[in-house]
2 protein chains.
Amino acid sequence: MESPQQRRDRRRAEKQQAIRRAAVRIALDQGVEAATVEAISAAADISPRTFFNYFASKEEALSPDPPWRPEEFVGLLTGRPGDEPVFESLKAVAREFVVRIRPAMEDLEPFVELRRRHPELAAKARAVDETKVLESLLGAVRSRPGVTGPMHARLLVIATFGAAISAVQESVLSGEPAEELLEEAFTLLERGL
Amino acid sequence: MESPQQRRDRRRAEKQQAIRRAAVRIALDQGVEAATVEAISAAADISPRTFFNYFASKEEALSPDPPWRPEEFVGLLTGRPGDEPVFESLKAVAREFVVRIRPAMEDLEPFVELRRRHPELAAKARAVDETKVLESLLGAVRSRPGVTGPMHARLLVIATFGAAISAVQESVLSGEPAEELLEEAFTLLERGL
DNA sequence: TGCAGACCTTGCAGTCCGTGCAATCGTTGC
DNA sequence: GCAACGATTGCACGGACTGCAAGGTCTGCA
């Protein structure tokens, strides 16, 4: 049986998705400037005040649900065996990143289109998360054996993270599986550009 | 002699810098939430309306003047000889990036501190520019000979761009010259991580 | 059935960012 | 001294977002 708490959580998630769909629909049909909180709320049949019970900002409603929180992402790295080569650990994290995103891949389409038209949309929320993740990963990588210096650490992080993002983006464009693209990227990074 | 137009431009630039300093000072002394447009304007002795004649957004006043515009940045790449190996072209662009930032390096300090405390600040403006630059570079790189596929192009761009950013960041932290750090990064990328 | 507590929704009032418009003021060139 | 141009400002407005308090709805329990 479903507990009342689970029930509440589920309904909340459903409602959030409904609001999000309404928001994206308006933004795609009539342009972002038409997607005011008021308009979105009306379309989702809630009051404007309630909108902010579901999203901290308008942009959040126009962005896909992130499949991971920054903290757990870093936990993935620190949870790896300490004697594993750094690059292998990072590869594992990047693979997990891609795997997590995959189920949402199809629902991602409208958001990709929306972001294509309005690059400034995701900018804020994403940039904050990204820098947070990158810095945390960097902190974890520095202390690993086999890292020859600060620049080595930075490149390792930015390259694997970049490879993961690139694989997902390219996969959305070309339809090729992101996992294969990611492995291709790893090979390039290992052999040198 | 200075033409009246030059004079106007210079005074405008000076005033903009003055406003910016006032903004950063308030944000560092009293926290960002205290740095309202009204407070900044009062400190800079202008009306709030005038503030927006100098900056398109409050965040812009709390961010350093970008030393390059996205377009010219891409022009640097397309202006390179077509038979030059891609990686060499990208390296040249990255070097130019670092060189351009260097003169502003000292003035950068308060902004670095400010961003350390409030990562969300630069997020918006920067992320927009960044994705714009990355996509343009990507478009220019794809068509170059020697690029073995879409993932190769993506990695080339993100790695060299990431190397440039990393070099600047690390230079601010450690004091080592960004140019040397950049070359170190190139070597790592060429040899493989 | 009815009541108490938890959670949800909403309206209201208020702050802040950002913009278009039009009046005013100062500077420049003639 | 006057006409043209740019800079500064006030005013009025739209839109995002928040805290608070009043109601409404659901759930468990007697």
Side-chain angles (χ1 to χ4, degrees), chain A residues 1-20 22-24 26-27 30-63 114 118 120-128, chain B residues 1-20 22-24 26-27 30-63 114 118 120-128:
Chain A
M1 244 315 264
E2 190 184 43
S3 84
Q5 187 54 49
Q6 288 175 320
R7 179 190 179 84
R8 267 196 293 269
D9 288 352
R10 185 175 48 77
R11 302 193 87 148
R12 180 180 172 81
E14 286 171 0
K15 198 157 190 174
Q16 195 185 42
Q17 270 311 98
I19 301 173
R20 201 175 242 134
V24 173
I26 294 178
Q30 306 165 240
V32 279
E33 63 284 352
T36 65
V37 170
E38 201 182 346
I40 298 170
S41 309
D45 202 32
I46 56 173
S47 87
R49 185 64 187 82
T50 304
F51 176 90
F52 289 105
N53 289 346
Y54 284 89
F55 298 98
S57 74
K58 199 181 71 169
E59 286 165 3
E60 200 178 313
L62 291 172
S63 304
L114 191 57
H118 305 280
E120 75 282 5
L121 261 188
K124 190 170 171 181
R126 203 202 45 186
V128 174
Chain B
M1 246 314 267
E2 191 184 43
S3 85
Q5 187 55 47
Q6 287 174 321
R7 179 190 179 84
R8 266 196 295 271
D9 288 351
R10 184 176 47 77
R11 301 192 88 148
R12 181 182 170 81
E14 286 171 1
K15 197 157 190 172
Q16 195 185 42
Q17 270 311 98
I19 301 173
R20 202 175 242 134
V24 172
I26 293 178
Q30 306 165 241
V32 279
E33 63 284 350
T36 65
V37 170
E38 201 181 346
I40 297 170
S41 309
D45 201 33
I46 56 173
S47 87
R49 186 63 188 83
T50 304
F51 176 90
F52 289 105
N53 289 346
Y54 284 89
F55 300 98
S57 74
K58 199 181 70 169
E59 287 165 4
E60 201 178 314
L62 291 172
S63 304
L114 190 56
H118 305 281
E120 76 283 5
L121 262 189
K124 191 170 172 180
R126 202 202 46 185
V128 173

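Chain identifiers are assigned alphabetically (A, B, ...) following the order of the sequence lines, protein sequences preceding nucleic acid strands; residue numbering begins at 1 within each chain.
Positionally, the nearest nucleotide of DNA chain D for B:R12 lies more toward the 5' end than for the other of B:R12 and A:K58.
Rounded to whole Å, atom C1' of D:dA16 lies 14 Å from atom CG of A:L121. Whole-Å rounding puts the A:I40 CD1 to D:dA16 C1' distance at 11 Å. Look at CZ on A:R11: it is 13 Å from P on D:dT25, rounded to the nearest Å. We find that CZ of A:R7 is positioned 15 Å from C1' of C:dA6, with the value rounded to whole Å. Rounded to whole Å, the distance from CG on A:L62 to C1' on D:dG15 is 14 Å. Between the P atom of D:dA22 and the CG atom of A:N53 lies a distance of 18 Å, rounded to the nearest Å. Regarding A:E38, its CD atom lies at a distance of 15 Å from the C1' atom of C:dT10, rounded to whole Å. To the nearest angstrom, P of D:dG10 lies 11 Å from CD1 of B:I46.
When distances are taken from the side chain of A:T36 to each of C:dG18, D:dA16, D:dT9, the shortest belongs to D:dA16. With D:dC17, D:dG10, C:dC17 as the candidates, the nucleotide lying closest to the side chain of A:F52 is D:dC17.
When all heavy atoms of A:I40 and A:K58 are compared, the pair lying nearest together is CD1-CG, 4.3 Å. Considering all non-hydrogen atoms of both residues, B:N53 and B:R12 come closest at O-NH2, 2.8 Å. Looking at every heavy atom in both residues, A:V37 comes nearest to A:P48 through CG1-O, 4.1 Å. For the pair B:L62 and B:A27, the tightest heavy-atom approach, listed with the atom from each and the gap, is CD2-CB, 4.0 Å.
Between A:Q17 and the choices A:R20, A:E14, A:K15, the side-chain hydrogen bond (donor to acceptor under 3.5 Å, both in side chains) rule is met once, by A:R20.
Residue B:Y54 has no polar side-chain atom (N or O) positioned under 4.0 Å from OP1 or OP2 of D:dA7. Contact annotation: B:K15 does not reach the phosphate of D:dA7 (side-chain N/O to OP1 or OP2, under 4.0 Å). Under 4.0 angstrom from either OP1 or OP2 of C:dT28 there lies no side-chain N or O belonging to B:R8.
Residue-level contact check: A:F55 touches neither bases nor backbone, having no heavy atom under 4.0 Å from any strand. Counting non-hydrogen atoms under 4.0 angstrom, B:T50 reaches a base of the nucleic acid. Contacts of B:F51 with the nucleic acid, taken as non-hydrogen atoms under 4.0 Å apart, are absent.
The base of D:dG19 is paired with the side chain of A:R49 by a donor and an acceptor separated by under 3.5 Å.
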